[in-house]
Every structure is written in C-alpha cells, then in structure tokens.
There are 2 protein chains.
Amino acid sequence: MLQHSILETLPEPLRREALSGLQPLHFEHGSILFRAGDPCQGLPLVLNGTVKVQMTGLSGHSIVLYRMGADDICTLSIGCLMTGDGFRAEAVVEDDAEVFMVPRGLFDRLMDQSADFRLGIMESYGRRLNDLMLLVEEVAFRRMDERLFQWLEARVGQGVITITHQELAVELGTAREVVSRLLKEFERKGLLRIARGKIEFTGWFAS
Amino acid sequence: MLQHSILETLPEPLRREALSGLQPLHFEHGSILFRAGDPCQGLPLVLNGTVKVQMTGLSGHSIVLYRMGADDICTLSIGCLMTGDGFRAEAVVEDDAEVFMVPRGLFDRLMDQSADFRLGIMESYGRRLNDLMLLVEEVAFRRMDERLFQWLEARVGQGVITITHQELAVELGTAREVVSRLLKEFERKGLLRIARGKIEFTGWFAS
DNA sequence: CGGCCCTGTGTGACTTTATCACTGAACCTT
DNA sequence: AAGGTTCAGTGATAAAGTCACACAGGGCCG
C-alpha cells in the first residue's frame with residue numbers, strides 16, 4: 001500500500017535498497033511540507049493525500065500554483081536540491097498525506113542507475129512545466145467569473161465544500177472581495193448557496 | 001566557438017562522440033524553432049543568439065514566457081521528447097541563433113553516462129520552473145505600468161528600441177491599447193519619445 | 001506625383017477587476 | 001451574555017481589458 005510507482009519501476013536489488021532507506025513520513029491536514037526560503041531536505045514522493053503548492057508575491061498576495069496527489073513527485077524540490085537554493089513557494093497539506101523523502105545521495109544514485117527513474121522524473125518535470133504555462137495563460141487572459149465557475153464545477157461532486165472566500169481568492173490569485181461578489185452573483189442566479197465558510201451547490205450544479 | 005558548456009563537461013571519449021554526431025543548425029531572425037503542436041525533434045542546445053518562447057491561449061492572446069540565450073537549454077523540449085506530446089508554445093528566433101539539436105537516442109545516452117550532464121539538465125529545469133513561477137506572480141499581482149517600466153528599463157542601454165505596441169503587449173500579456181496608453185503617459189512625463197515602431201529613451205531613462 | 005492600401009497608433013465608451021475603507025454578521029471563548 | 005475574532009458584504013474609486021472606429025505613416029503602383 002505504501003508505495004510509489006517510480007520506485008516500483010526500479011530493478012529488484014536497487015528497489016529493495018531504496019525502500020529500506022526510506023520510511024514514510026506522515027503529514028496531517030494543515031501541516032507544512034516546506035516554506036518559502038527553506039533549504040531542500042530531499043525529494044518528496046507523495047504516496048497519498050493531497051498537497052497544494054502556493055507562493056506569495058512581493059505584493060503579499062498568494063496564489064496556488066498546483067496540487068500534488070497520490071503517486072506525484074514534488075518536482076519543484078529537484079531544482080532546490082540541485083542548486084541548494086531555497087524554495088520560492090510553500091507546500092501545505094490538504095488531505096493527510098504520507099511522503100517518502102528521498103535524500104540527495106539516493107536521488108543521485110537512482111538517477112545514475114535507472115533509466116526508468118530518469119524517465120519518471122523528466123515526465124513529472126514536463127507535466128509541471130505544462131501546468132505552469134497553462135496557469136500563466138489562465139491568469140493573464142481568462143475572466144475571473146469563468147475561472148471561479150470552473151474551479152467550483154470541478155468540485156461539484158462533493159455537494160458542499162468548506163472554504164472561505166479568502167482561501168478561494170488565493171486559489172485563483174485574486175482579491176477576496178472579487179470572489180465574494182462573484183459568488184453572490186452565482187447565488188442570485190440560483191447556482192449555489194453561500195454560508196459562512198461553506199458553499200452548497202444547487203440548481204444547475206446539482207445535476 | 002561553437003560549443004555548449006553542458007557538452008564541455010562530458011568525459012573526453014563521450015564528448016567527441018556527441019560532438020561528432022551534431023552539426024550546428026543556423027536560424028535567422030524571425031524563423032521559428034518550433035510551433036505549437038509540433039512534435040519534438042530533439043533537445044535544442046542554444047549556442048548563441050536569442051530565442052523567445054511564447055504561447056497563445058484559447059482566447060487567441062499571446063504572452064512571452066521566457067527567453068533563451070547563449071549556453072541555454074530548451075528545457076521545454078525535454079518533456080515533449082519524453083512523452084511524445086506536441087509543444088504547447090512556439091519558439092521564435094530574435095537574434096540569429098545557432099543550435100545543436102540533440103536527438104532522443106543521444107540524449108538518453110548522455111543522461112545515462114554523465115552525472116554532470118544530468119546536473120546541467122536538472123538545473124536548467126529548476127531555473128525554468130522558477131522563472132515561470134515568478135511570471136505567474138507578476139501577471140497575477142503586479143501593475144501594468146510597473147511591468148512595462150521594468151521591461152523598458154532593462155533595455156535602456158540600446159538607446160532606441162524597435163518594437164511595435166502590439167509586440168510589447170505580447171511581451172507583457174496584455175492588450176495593445178493598454179500599452180499605447182501607458183507609453184503615451186510615459187511620453188507626457190518626458191521619459192521617452194514614441195515613433196512608429198520605435199521607442200526612443202530620453203530624460204530619466206537616458207541617464 | 002497622387003491615390004491606394006496596409007500596418008501601426010490614438011481615443012472614447014464601457015465592462016471587468018483590483019483596491020480601500022468600512023460595516024455588519026457569525027462563531028468562539030470565557 | 002459580553003467581548004473578541006474571523007468571515008462576508010458593499011460603496012467608491014482606480015486600473016486594466018474590450019470594442020469600435022478614426023486616423024497617420026510609409027510603401028507601392030499606375
């Protein structure tokens with residue numbers, strides 16, 4: 001159960017060796033995997049749970065850059081691991097997560113000895129780069145009401161979601177007031193109901 | 001003269017082998033290294049010149065994501081090379097450039113056999129990821145007049161620059177009208193003079 | 001040379017988004 | 001029940017994006 005597909009691709013002796021040196025770390029909801037400025041301790045392999053990565057700009061505003069889920073790799077850490085620079089973003093655990101922390105030495109060894117491991121790392125990097133490019137486009141050109149709508153739409157399944165307007169503003173990289181006003185408008189249209197710290201889907205959403 | 005530092009780190013037999021299989025490709029100003037949707041032919045190592053990478057969103061608007069110069073690696077290509085997906089962005093040559101195109105097979109071999117090569121690739125990836133994160137923050141939170149000012153400031157040395165308002169809008173991911181109005185304002189303040197397709201620095205800028 | 005056309009720029013009117021400064025409501029604590 | 005803290009609502013104003021169109025510079029061609 002506690003495994004990560006990128007380790008499963010390793011040839012048997014190497015896989016054993018890697019797993020023997022790693023014990024899963026448990027992170028609870030709300031805990032911080034790393035903060036802006038922290039030095040990198042190793043490459044986190046996310047086994048389960050979800051972790052959001054967000055950054056705070058010079059202006060003091062924050063925006064969520066991407067999320068990691070089961071079987072994900074914290075690609076952002078690789079650069080820090082290599083250059084020794086600190087993180088520019090922070091990683092906040094949303095759903096309780098378990099993580100393998102691969103230290104620099106082991107990472108180098110796996111990169112050296114397994115083509116599949118290298119492939120996994122590269123693919124992960126590629127996906128992250130793509131995600132960020134799409135985010136740039138979204139932030140630069142898409143309208144806020146559409147973006148908010150899509151964000152909500154992706155979470156309709158849950159019926160009710162627990163989030164404050166401020167947190168939602170960070171998700172989209174905008175101001176709380178903007179989110180409040182748009183939500184009010186959605187409520188007027190009968191798409192949802194607003195409560196303190198909660199949004200309940202109705203009407204069109206609750207299909 | 002025609003060399004790339006990531007190849008110079010290779011141990012001697014490998015370096016000779018790599019170089020013997022690569023001939024520099026010449027790209028002129030305005031030519032396209034790759035377009036959105038193109039399959040990836042190999043990993044471009046930029047020897048000299050400059051190349052801008054920009055993407056066009058669903059909305060039809062474009063934005064410049066980053067630039068590559070001498071000794072740079074087109075990190076974006078690695079993801080495409082690995083997954084076989086097409087590019088999401090396009091690369092336009094600004095100053096005439098020469099490029100080594102490393103084919104998949106050689107790339108795999110270099111990744112397999114040289115720790116320094118791996119390090120170079122990883123560092124490049126890390127930098128690109130950082131750049132994009134900063135771009136997200138900039139687009140999301142910084143004011144347009146500041147961003148335009150900084151863009152111009154970075155090019156003051158040239159005295160006069162040749163660029164249309166439309167191109168400048170793509171640099172910043174905004175609309176031409178916005179650029180035109182801001183430039184007019186800078187002109188009123190005596191910072192620069194506008195001519196058709198040109199901007200001449202004066203006053204504060206021409207210190 | 002004058003007329004034509006294409007590209008680049010200027011501008012007004014209007015919408016959307018961001019910012020600022022508050023008010024008030026909901027919940028928690030004691 | 002009182003007081004404090006966090007969350008949400010709102011008006012006023014500024015910044016940025018959108019739309020529609022006028023006009024200007026420069027090249028080309030009859």
Side-chain angles (χ1 to χ4, degrees), chain A residues 30 56-64 92 135-152 160-202, chain B residues 30 56-64 135-152 160-189 191-200:
Chain A
T56 301
L58 299 168
S59 50
H61 292 116
S62 301
I63 183 170
V64 172
V92 182
L135 182 60
V136 168
E137 197 251 314
E138 184 168 323
V139 170
F141 303 129
R142 308 277 295 286
R143 294 183 40 146
M144 216 60 216
D145 51 358
E146 285 178 40
R147 292 178 55 209
L148 176 56
F149 187 91
Q150 281 189 11
W151 195 97
L152 294 170
V160 181
I161 56 178
T162 300
I163 193 170
T164 68
H165 297 183
Q166 177 58 49
E167 287 165 333
L168 209 28
V170 170
E171 290 288 331
L172 302 174
T174 183
R176 181 194 54 82
E177 297 93 314
V178 174
V179 171
S180 288
R181 280 192 256 257
L182 288 174
L183 284 176
K184 252 295 154 268
E185 197 166 325
F186 288 168
E187 191 179 45
R188 268 195 294 277
K189 289 182 185 167
L191 295 173
L192 45 77
R193 240 189 317 254
I194 306 173
R196 184 189 173 86
K198 281 188 171 49
I199 297 172
E200 183 186 353
F201 297 114
T202 60
Chain B
T56 302
L58 300 169
S59 49
H61 291 116
S62 300
I63 183 170
V64 171
L135 182 60
V136 168
E137 196 250 315
E138 184 169 323
V139 169
F141 303 129
R142 307 276 296 285
R143 292 181 41 143
M144 216 58 214
D145 50 359
E146 285 178 40
R147 293 178 54 207
L148 176 57
F149 187 91
Q150 281 189 9
W151 195 97
L152 294 170
V160 181
I161 55 177
T162 300
I163 193 170
T164 66
H165 297 183
Q166 178 57 52
E167 287 166 334
L168 210 30
V170 170
E171 289 290 331
L172 302 174
T174 181
R176 181 197 51 84
E177 297 93 314
V178 175
V179 171
S180 287
R181 280 191 256 256
L182 289 173
L183 284 176
K184 249 308 163 250
E185 198 167 325
F186 288 168
E187 191 178 44
R188 269 195 292 278
K189 289 182 184 166
L191 295 173
L192 45 78
R193 239 191 318 255
I194 306 172
R196 185 189 174 84
K198 282 188 170 51
I199 297 173
E200 185 185 352

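Lettering follows sequence order; numbering is per chain, from 1.
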Engineer: Can you tell me if the side-chain N/O atoms of H61(B) get under 4.0 Å from OP1 or OP2 in dG17(D)?
Structural biologist: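 Answer no for this pair, as no side-chain N or O of H61(B) is under 4.0 Å from OP1 or OP2.
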Engineer: Can you list, in residue-number order, the parts of residues 136-148 of chain A that come under 4.0 Å of DNA chain D, counting heavy atoms only?
Structural biologist: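 Contacting residues: none.
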Engineer: When you get a sec, tell me which of dT10(D), dG17(D), dG10(C) is the closest nucleotide to the side chain of V178(B)?
Structural biologist: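 From the listed options, dG17(D) comes nearest.
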Engineer: Could you walk me through whether H165(B) and I194(B) satisfy the side chain to side chain contact (heavy atoms under 4.5 Å, CB included) test, starting with their C-alpha distance in whole Å, then the side-chain angles of each, then the deciding distance to 0.1 Å, before giving a yes or no?
Structural biologist: CA-CA 10 Å; H165(B) 297 183; I194(B) 306 172; 3.8 Å; yes
Engineer: Looking at E146(A) and R143(A), would you say the former's side chain and the latter's main chain have a donor-acceptor pair under 3.5 Å?
Structural biologist: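 The answer is no, because no donor-acceptor pair under 3.5 Å joins these two groups.
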Engineer: Kindly compute the distance separating OG1 (T202(A)) from CZ (F186(A)), expressed to the nearest 0.5 Å.
Structural biologist: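 Spacing of OG1 (T202(A)) from CZ (F186(A)) equals 12.0 Å.
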Engineer: Could you give the distance from CG (L182(A)) to CE (M144(A)), rounded to the nearest 0.5 Å?
Structural biologist: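 The distance works out to 7.5 Å.
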Engineer: Separation of E185(A) atom CD from dT15(C) atom C1', in whole Å?
Structural biologist: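 Nearest whole value for this atom pair: 12 Å.
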Engineer: One pair to check against side chain to side chain contact (heavy atoms under 4.5 Å, CB included): L148(A) and V178(A). What are the steps and the verdict?
Structural biologist: CA-CA 10 Å; L148(A) 176 56; V178(A) 174; over 6 Å; no
Engineer: Could you state the interatomic distance from CG (L135(A)) to CG (L135(B)), rounded to the nearest 0.5 Å?
Structural biologist: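 One gets 9.5 Å once the value is rounded to the nearest 0.5 Å.
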Engineer: Between K184(B) and dG10(C), is there a contact of a side-chain N or O with OP1 or OP2 at under 4.0 Å?
Structural biologist: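 The answer is yes; a side-chain N or O of K184(B) sits under 4.0 Å from OP1 or OP2.
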Engineer: What's the CG-P distance between L172(B) and dA16(D), to the nearest Å?
Structural biologist: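 Going from L172(B) (CG) to dA16(D) (P), I get 11 Å.
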Engineer: Only one of T174(A), L152(A), V139(A) forms a side-chain contact (heavy atoms from CB on, under 4.5 Å) with R147(A), so which one is it?
Structural biologist: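 Single side-chain contact (heavy atoms from CB on, under 4.5 Å) partner of R147(A) among T174(A), L152(A), V139(A): V139(A).
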Engineer: For Q166(A) and R181(B), find the nucleotide of DNA chain D closest to each by heavy atoms; which residue's nucleotide sits nearer the 5' end?
Structural biologist: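 Nearest nucleotide further toward 5': that of Q166(A).
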Engineer: Output the rounded distance in Å from CG (L168(A)) to P (dG9(D)).
Structural biologist: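 L168(A) atom CG is separated from dG9(D) atom P by 12 Å.
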Engineer: Respond yes when some side-chain nitrogen or oxygen of T174(A) is under 4.0 Å from OP1 or OP2 of dT17(C), and no when none is.
Structural biologist: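 Looking at the OP1 and OP2 atoms of dT17(C), neither is under 4.0 Å from any side-chain N or O of T174(A).
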Engineer: Once each nucleotide of nucleotides 21-29 of chain C is scored for protein heavy atoms under 4.0 Å, what B/S/- sequence comes out, 5' to 3'?
Structural biologist: B---BBS--
Engineer: Calculate the interatomic distance between F186(A) atom CZ and dA8(D) atom C1'; express it in whole Å.
Structural biologist: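 In whole Å, dA8(D) C1' lies 17 Å from F186(A) CZ.
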Engineer: Ignoring backbone atoms, test whether H165(B) places a side-chain nitrogen or oxygen under 4.0 Å from the OP1 or OP2 oxygen of dT9(C).
Structural biologist: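 For dT9(C), OP1/OP2 do have a side-chain N/O of H165(B) under 4.0 Å.
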Engineer: Kindly indicate, with the supporting measurements, whether the criterion side chain to side chain contact (heavy atoms under 4.5 Å, CB included) is fulfilled by W151(B) and I161(B).
Structural biologist: CA-CA 12 Å; W151(B) 195 97; I161(B) 55 177; 3.8 Å; yes
Engineer: Measuring from R176(A):CZ to T164(A):OG1, what's the distance to the nearest 0.5 Å?
Structural biologist: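 Interatomic distance, R176(A) CZ to T164(A) OG1, rounded to 0.5 Å: 9.5 Å.
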